[in-house]
Amino acid sequence: QVQLVESGGGLVQPGGSLRLSCEASGFTFSSYAMSWYRQAPGKERELVARISSTALGRTNYADSVKGRFTISRDNVKSTVYLQMNSLKPEDTAVYYCNTNIPWRSRDREVWGQGTLVTVSS
């Protein structure tokens, strides 16, 4: 029943903006850090952004997206967002929502199905 569902991907021109959403269910969303990863064809999956639980309220970003992307969360809606501005062709990838639940006996790493972002003219 633990599930992450991404949405909001699509085709956008260079310099444009896009907002991704990830709806979580099946666990206490507010207690865990949430992350966005991305994976381009033939390349390793990389961490894009992370936001801590509400008790800590910290964020961190990959150097390649600092100043352009913003991660945020709404604990009432159990949703994490990734606002992407000034998009570049190099941002083209499948974007995945992620969390880690250490106390689970199985499947401590939880991933969404991914949403494709294509930045092209």
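What you see below is based on every heavy atom in this structure, not just the backbone, and it leaves out hydrogens, waters and symmetry mates.
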From [X] [atom1] over to [Y] [atom2], what is the distance, rounded to the nearest 0.5 angstrom?
| X | Y | atom1 | atom2 | result |
| --- | --- | --- | --- | --- |
| Glu109 | Asn100 | CD | CG | 4.5 Å |
| Met34 | Ile51 | CE | CD1 | 10.0 Å |
| Leu87 | Ser120 | CG | OG | 12.0 Å |
| Thr115 | Tyr96 | OG1 | OH | 10.0 Å |
| Trp103 | Arg108 | CH2 | CZ | 10.5 Å |
| Ile71 | Gln83 | CD1 | CD | 12.0 Å |

- Just by distance, with hydrogens left out, do Arg73 and Asn75 show a side-chain donor and acceptor under 3.5 Å apart? yes
- Residues Cys97, Trp111; criterion side-chain contact (heavy atoms from CB on, under 4.5 Å); working and verdict: CA-CA 6 Å; Cys97 185; Trp111 297 90; over 6 Å; no
- Query: Between Tyr81 and Arg19, does a side-chain contact (heavy atoms from CB on, under 4.5 Å) hold up when you go through it step by step?
  - Reply: CA-CA 7 Å; Tyr81 304 94; Arg19 189 186 73 170; 4.0 Å; yes
Please name the pair of heavy atoms, one in [X] and one in [Y], separated by the smallest distance, quoted to 0.1 Å.
| X | Y | answer |
| --- | --- | --- |
| Val80 | Trp36 | O-CZ2, 3.7 Å |
| Ser17 | Ser86 | OG-N, 4.4 Å |
| Tyr32 | Thr28 | CD1-O, 3.2 Å |
| Gly8 | Leu18 | O-CG, 3.5 Å |
| Ala93 | Ala40 | CB-N, 3.8 Å |
| Leu4 | Ala24 | CD2-CB, 3.5 Å |

- Phe29 meets the ring-ring contact (aromatic ring centres under 6.0 Å, His included) criterion, sequence neighbours left out, with none
- Item | Main-chain N/O of Arg38 paired with Glu46 side-chain donor or acceptor, under 3.5 Å | no
- Message: For the backbone of Glu6 and the side chain of Gln113, can you confirm whether one donor and one acceptor N or O come within less than 3.5 Å of each other?
- Response: yes
Could you tell me whether the side chain of [Y] reaches within less than 4.5 Å of the side chain of [X], counting heavy atoms only?
| X | Y | value |
| --- | --- | --- |
| Ser78 | Ser25 | no |
| Leu20 | Met84 | yes |
| Ser35 | Leu47 | yes |

- Query: Considering residues, nucleotides and ligands other than Glu23, do more than 12 of their heavy atoms fall under 6.0 Å from its CD?
  - Reply: no
- Item | From CA spacing to verdict: side-chain contact (heavy atoms from CB on, under 4.5 Å), Arg68, Asp91 | CA-CA 11 Å; Arg68 299 189 298 122; Asp91 295 318; 2.8 Å; yes
- Query: Are Asn85 and Thr70 close enough, and set up right, to give a side-chain contact (heavy atoms from CB on, under 4.5 Å), and what steps lead you there?
  - Reply: CA-CA 9 Å; Asn85 299 324; Thr70 302; 5.7 Å; no
- Is there a chain of hydrophobic side chains (I, L, V, M, F, W, Y, each step under 4.5 Å between heavy atoms) that links Val48 to Val12? yes
